[in-house]
Amino acid sequence: MPEIQFKGKEFVFNHHLSVPYRPLVPHKNKSIGAGNVNNNLVVHGDNLHALKALMPMYAGKIDCIFIDPPYNTGNEGWAYNDNVNSPMIKEWLSSNPVNKDDMLRHDKWLAMMYPRLKLLHELLADHGSFWMTLDDNEVHRARMMLDEIFGENNFLADVSWEKADSPRMDVEFFSSRQDHMLVYAKNLENVCFNRIQTTDIPDHYDKEDDGGRKYYLKPLRAMGGQGETRAARPNLYYAMKAPDGSEVFPVLTDGTDGAWRWSKEKAEKEKDRIEWKVGKTGWTPYFRIYADTLEGRPPETIFFNSQVGSSRTSKLEIKNLFPEGSPFDTPKPVGLLDMVLQIATEPGMTILDSFAGSGTTAHAVLAMNKRDSKSERKFILVECEPYADTTTAERVRRVINGVPNSKDKELKAGTGGSFTYCTLGEPIDIDKILTGENLPDYQAIGSWLFHTATGEALSVKNIKEKEYFLGESNAYCVWFIYKPSLEFLKSRDAALTLLFAETIAKNKNKKHLVFAPAKYVPNKTLLPLGVEYAPLPFALYRVEK
């Protein structure tokens, strides 16, 4: 498969692996609800670091990803800021912001996106899908980059969103009417993909039965494709009785024996749906397909603004939410995200937007949850700009609580719900842990250790901190003897003892992996119990005896 090449690729190809882990720090005073990291999230911080922070809890668990990154028009003034250890990249850092005169702006955009897409791919569940909006500036390069990361066989569509509802009269050549939305599956065979539910009946349902049910007719004879001949399907070759009593067999247009779509048993069971028509070649059976049995229609590759809203719609939505004014002038309409959610998610799923902007994704999730009490969809937003609190999170607050003076009844009432506002903590630094200068809390360092050791995401709701139990992976029960106290970590209580090992070994369903600063039991005693010891970085402590 062809690979996209750009300046700096060799430095960013594996950069996502070297990004330090920084724990999420909840801010209850800026949140609505309990303020814990199991909730809906709005994360303020560099999205590369934020994605790494999400890995321990969400690797392989995000059901749908929607991002609206910088389009790299040359007018956005975005900055390349990844701290990659390369003289060339460091030179880039000194030449921000990226503008139209920057001859390397396309390379910088690709270098910025590549490690983020690698982490997004790791976060996405096997049944998940990825959606990214762009315009013509980078879409062709993005398509090649995504083919490389996701696999070109997992490409689903290049959807056109009709963003404009009127032409721009000030352009020199074409007035652009649409943006692109590239859609990929993590795994095409397992992807969650829904048809659009609609009450509209297509025009080809042009008949009506005695009960007033709309339907159309389809030939009962298979249309002669590969595998639809008598030789391929002998059990579907049989005689049917026409209204005049004659026998009718399935015959292909070339005169050879064909096959019916239904078995003989099903044809008898569904005989009330069969209609006969007589023509030059004799009688032909058809069967009714009723409109009220529709499971929806497949989504099309054009999302018209009459269906999902336009740029004008989204600007009006922001104005209604922020009558005092908002610094964000390029939002997406709620209807566009609602369409994505309908197609790509089921109730209870988690949606991630790592270029959150004005927070449209959260708005759409909250609105859908209000419409359907069983929806329980969850959102995670990441925004690096200073307006993460004042616009992104503030929009979520207003959508949840309602806007008292709004003329829109739904907006005035609010959706209800909760979310947690987070920033990124200091990177977990071994030297600082060893000196006690920076001791992360149990969940923060525990989830990092669990993911690092098992390659799986930790379900934090299963943590039993008082029992030093982190959770279960596919192979292990994982234990973590730790308190964020230098005094504890230097004490005998922080060591793996024989009593602790024998106690946890009573559960023989899985092996046990124990993280601890020290142990008082030799491996030859632990291994027969099914217990493995993993020394923490704190093993350099001298345990007081």
Side-chain angles (χ1 to χ4, degrees), residues 20-26 36-38 52-59 424-545:
Y21 170 68
R22 300 173 63 184
L24 297 174
V25 179
N36 61 64
V37 295
N38 306 322
K52 194 67 174 274
L54 293 170
M55 288 293 291
M57 291 182 291
Y58 291 101
L424 298 175
E426 289 295 316
I428 290 184
D429 185 310
I430 301 302
D431 291 335
K432 290 183 178 179
I433 290 175
L434 293 173
T435 62
E437 182 182 346
N438 179 17
L439 292 174
D441 64 32
Y442 189 89
Q443 180 178 302
I445 190 171
S447 57
W448 173 59
L449 287 170
F450 184 94
H451 176 66
T452 302
T454 67
E456 299 174 30
L458 174 65
S459 179
V460 294
K461 65 182 180 181
N462 295 327
I463 291 176
K464 297 176 183 177
E465 187 173 344
K466 291 181 179 179
E467 300 172 23
Y468 303 127
F469 179 70
L470 274 180
E472 289 190 37
S473 71
N474 289 327
Y476 291 97
C477 289
V478 184
W479 306 81
F480 179 34
I481 302 176
Y482 172 83
K483 290 181 182 179
S485 161
L486 191 59
E487 182 179 352
F488 172 82
L489 293 170
K490 289 183 176 181
S491 73
R492 293 173 176 271
D493 294 335
L496 170 59
T497 63
L498 180 60
L499 176 62
F500 187 89
E502 288 177 336
T503 301
I504 65 176
K506 292 176 183 178
N507 179 358
K508 299 184 183 301
N509 293 328
K510 289 182 179 178
K511 291 182 178 180
H512 299 270
L513 178 63
V514 182
F515 288 97
K519 64 181 174 72
Y520 291 159
V521 193
N523 285 334
K524 66 179 182 180
T525 303
L526 291 175
L527 293 178
L529 293 172
V531 176
E532 296 179 24
Y533 168 65
L536 290 175
F538 330 115
L540 295 180
Y541 294 135
R542 296 295 178 261
V543 178
E544 297 172 359
K545 297 184 179 180

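Index from 1, following the sequence. Any value given below was found using the heavy atoms of this structure, including those in side chains, with hydrogens, waters and symmetry copies removed.
Applying the ring pair (Phe, Tyr, Trp, His ring centres under 6.0 Å) criterion to Phe488, with sequence neighbours excluded, gives no partner residue. Residues forming a side chain to side chain contact (heavy atoms under 4.5 Å, CB included) with Lys508 (at least two apart in sequence, or on another chain): none.
Taking the side chain as every heavy atom from C-beta outward, Arg492 and Tyr520 approach each other to under 4.5 Å. Using a 4.5 Å heavy-atom cutoff, the side chains of Cys477 and Phe469 are in contact. Under the 4.5 Å side-chain criterion, counting only non-hydrogen atoms from C-beta, His451 is not in contact with Leu458. Lys519 places a side-chain heavy atom less than 4.5 Å from the side chain of Leu526. The shortest side-chain heavy-atom distance between Leu529 and Val521 does not fall under the 4.5 Å cut-off. Annotation: side chain of Leu424 is in contact with side chain of Leu24 (closest heavy-atom distance under 4.5 Å). Looking at Leu496 and Trp479, their side chains never come closer than 4.5 Å, going by heavy atoms from C-beta outward. Residues Tyr482 and Leu449 form no side-chain contact, since every pair of their non-hydrogen atoms from C-beta on lies 4.5 Å or further apart.
Taking all atoms of both residues into account, the shortest heavy-atom contact from Leu470 to Ile463 is O-CG1, 3.5 Å.
With rounding to the nearest 0.5 angstrom, the CG atom of Leu513 is 9.5 Å from the CZ atom of Phe450.
Using bins of under 30°, 30° to 60° and over 60° for the plane-to-plane angle, the ring pair Tyr442/Tyr468 lands in the tilted bin.
Glu532 places no side-chain N or O within donor-acceptor distance of the main-chain N or O of Lys511, the cut-off being under 3.5 Å. Between the side chain of Tyr533 and the backbone N or O of Ala516, at least one donor-acceptor pair lies under 3.5 Å.
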